[in-house]
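Here the structure is a predicted model, which means the values were calculated and not measured. Because only heavy atoms are used, hydrogens play no part in the values below, and waters and symmetry mates are left out as well, while side chains stay in.
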There are 2 protein chains.
Amino acid sequence: MASTSEILTAERILAATEEVLRRHGPAKATVVDVARALGVSHGSVYRHFRTKAALREAVTKRWLDRTSQKLAVIAAASERDPEARLRDWLAALFEAKRHKAGDDPELFATYTVLTDENGGVVGEHIAELTAQLTGIITQGAGSGTFSVPDPAAAARAVFQATGRFHDPCYAREWTRPGVGEEFTAVVDLLVRGLR
Amino acid sequence: MASTSEILTAERILAATEEVLRRHGPAKATVVDVARALGVSHGSVYRHFRTKAALREAVTKRWLDRTSQKLAVIAAASERDPEARLRDWLAALFEAKRHKAGDDPELFATYTVLTDENGGVVGEHIAELTAQLTGIITQGAGSGTFSVPDPAAAARAVFQATGRFHDPCYAREWTRPGVGEEFTAVVDLLVRGLR
DNA sequence: CAGATGACAGATATTGAAATCTGTCATCTG
DNA sequence: CAGATGACAGATTTCAATATCTGTCATCTG
């Protein structure tokens with residue numbers, strides 16, 4: 001059906017897997033489906049990914065990385081005021097998650113299942129985001145905007161305290177009216193605490 | 001078996017339901033089981049609770065209320081310093097949840113299922129806790145310890161920002177080493193923000 | 001010979017028939 | 001006659017048989 005003469009790469013398999021997951025959902029997406037979508041035998045898929053779990057993990061990492069990369073741009077804008085950058089970064093994280101959840105709830109639910117089964121990859125993602133936050137806060141501490149003894153600890157605290165606005169387990173709250181104000185209230189409190 | 005000549009009250013039914021839930025778990029606990037534990041017919045249970053869902057909701061409310069009542073004692077100690085009281089209240093909430101989750105993980109998992117299916121009761125519980133927090137913060141604002149324009153909004157922000165240390169969806173993090181320090185870091189940041 | 005294939009064994013998921021449960025109510029009992 | 005009972009219909013769950021999937025590997029192909 002979808003057979004193309006292109007070489008079978010890991011990237012093509014990942015893209016096909018994402019599409020199969022979108023169509024069938026996490027419970028019914030099989031390796032055979034992925035192979036069929038690519039017009040190859042399932043044995044060929046196993047040449048690139050040792051197990052189905054490894055394939056799903058790779059797809060999950062790919063999805064999470066897309067978000068970290070967007071945020072890295074804000075974190076790296078070192079010419080800007082650290083406080084504004086911190087606020088923007090947190091707002092961008094919230095917006096990214098909120099749109100993912102709101103625009104295509106089914107796909108978001110699918111990825112929620114995937115992240116639940118891939119704690120390791122999620123851990124790395126959180127470490128990456130926390131590192132970006134640490135960068136912003138360290139600069140703020142250097143410029144005197146913030147007054148914190150341990151920027152890494154402060155970054156972790158800020159990330160954890162804003163969990164309600166980025167952790168998937170709160171996704172259904174993100175459509176309620178007033179979340180915007182709640183987000184602002186929490187961020188204001190945290191920024192005041194950092195100064 | 002467990003037949004007694006006592007009058008069948010709502011309270012006795014709730015206690016029996018809790019025991020059946022503890023024994024069988026949320027998926028297998030039936031109204032027939034509850035009736036059997038009490039030595040009555042299941043029709044008698046339906047005389048006190050219109051549906052199985054109403055019975056489970058009442059048990060959930062009872063469980064949540066036990067926590068709010070403990071915390072109310074701390075919130076009401078108006079002779080004490082508001083900042084210390086706020087710290088104690090948050091620590092007590094964390095400790096209460098952490099012990100519930102750590103001492104009997106199976107029962108905690110059972111109640112997690114129950115709270116998931118009873119959003120309304122959980123909402124009331126959160127409203128009650130937020131009201132207690134508002135009381136502490138309002139006093140702190142009055143005595144000049146805290147500087148907040150809107151104590152109720154600040155209370156909501158503090159409650160949400162500490163979600164990681166009381167929301168059941170984070171229960172598995174509560175056993176990790178270092179959570180205590182993470183909790184302190186978040187609370188310190190929030191208290192600094194309130195001053 | 002690098003890369004793809006598909007038959008195969010064991011693991012997992014689906015399905016539909018049988019068993020159990022929920023909620024009602026006419027009837028019973030102290 | 002207030003309160004308890006248990007038979008009952010429809011909804012839900014269980015269970016075992018059947019089908020599908022995962023992961024391997026001997027074989028094939030360009």
#### Entry: B:K100 to B:W63, cation-pi by 6.0 Å centre distance and 45° axis angle
yes

### Query
Quick one: does NZ or CZ of B:R98 land under 6.0 Å from the six-membered ring centre of B:F94, within 45 degrees of the ring axis?
yes

Spacing between [X] atom [atom1] and [N] atom [atom2], to the nearest angstrom:
| X | N | atom1 | atom2 | result |
| --- | --- | --- | --- | --- |
| B:L8 | D:dA2 | CG | P | 17 Å |
| B:I7 | D:dA4 | CD1 | P | 8 Å |
| B:K28 | D:dT13 | NZ | P | 13 Å |
| A:H24 | C:dA13 | NE2 | C1' | 15 Å |
| A:L38 | C:dT5 | CG | C1' | 15 Å |
| B:L55 | C:dG23 | CG | C1' | 13 Å |

Is a donor on one side and an acceptor on the other found under 3.5 Å between the side chain of [X] and the backbone of [Y]?
| X | Y | value |
| --- | --- | --- |
| A:R192 | B:R195 | yes |
| A:D150 | A:A153 | yes |
| A:H99 | A:E95 | yes |
| A:N118 | A:T115 | no |

### Query
Which sits closer to the 5' end of DNA chain C, A:A27 or A:S41, going by the nucleotide each is nearest to?
A:S41

### Query
Would A:V113 and A:L107 show up in the same hydrophobic cluster when neighbours are defined by side-chain heavy atoms closer than 4.5 Å?
no

### Message
Using the side-chain heavy atoms of B:K52, tell me which of these nucleotides is nearest: D:dG23, D:dG6, C:dG23.
### Response
C:dG23

### Task
Any salt bridge (charged side-chain N to carboxylate O under 4.0 Å, His left out) involving residues 112-129 of chain A? Give me the pairs, sequence neighbours left out, ordered by first then second residue.
A:R56-A:E117

### Message
Near DNA chain C, counting only heavy atoms under 4.0 Å, which residues of residues 42-50 of chain A show up?
### Response
A:H42, A:G43, A:S44, A:R47

### Message
Just by distance, no angles: are the side chains of A:E18 and A:Y111 close enough, under 3.5 Å, to form a donor-acceptor pair?
### Response
yes

### Task
Scan A:V32 against the nucleic acid and name what it touches under 4.0 Å (heavy atoms): base, sugar-phosphate only, or nothing.
base

### Query
Starting at the 5' end of DNA chain D, what dot-bracket string do you get if Watson-Crick and G-U pairs under 3.5 Å are bracketed, crossing pairs use [ ], other-strand pairs use | and unpaired bases use dots?
||||||||||||||||||||||||||||||

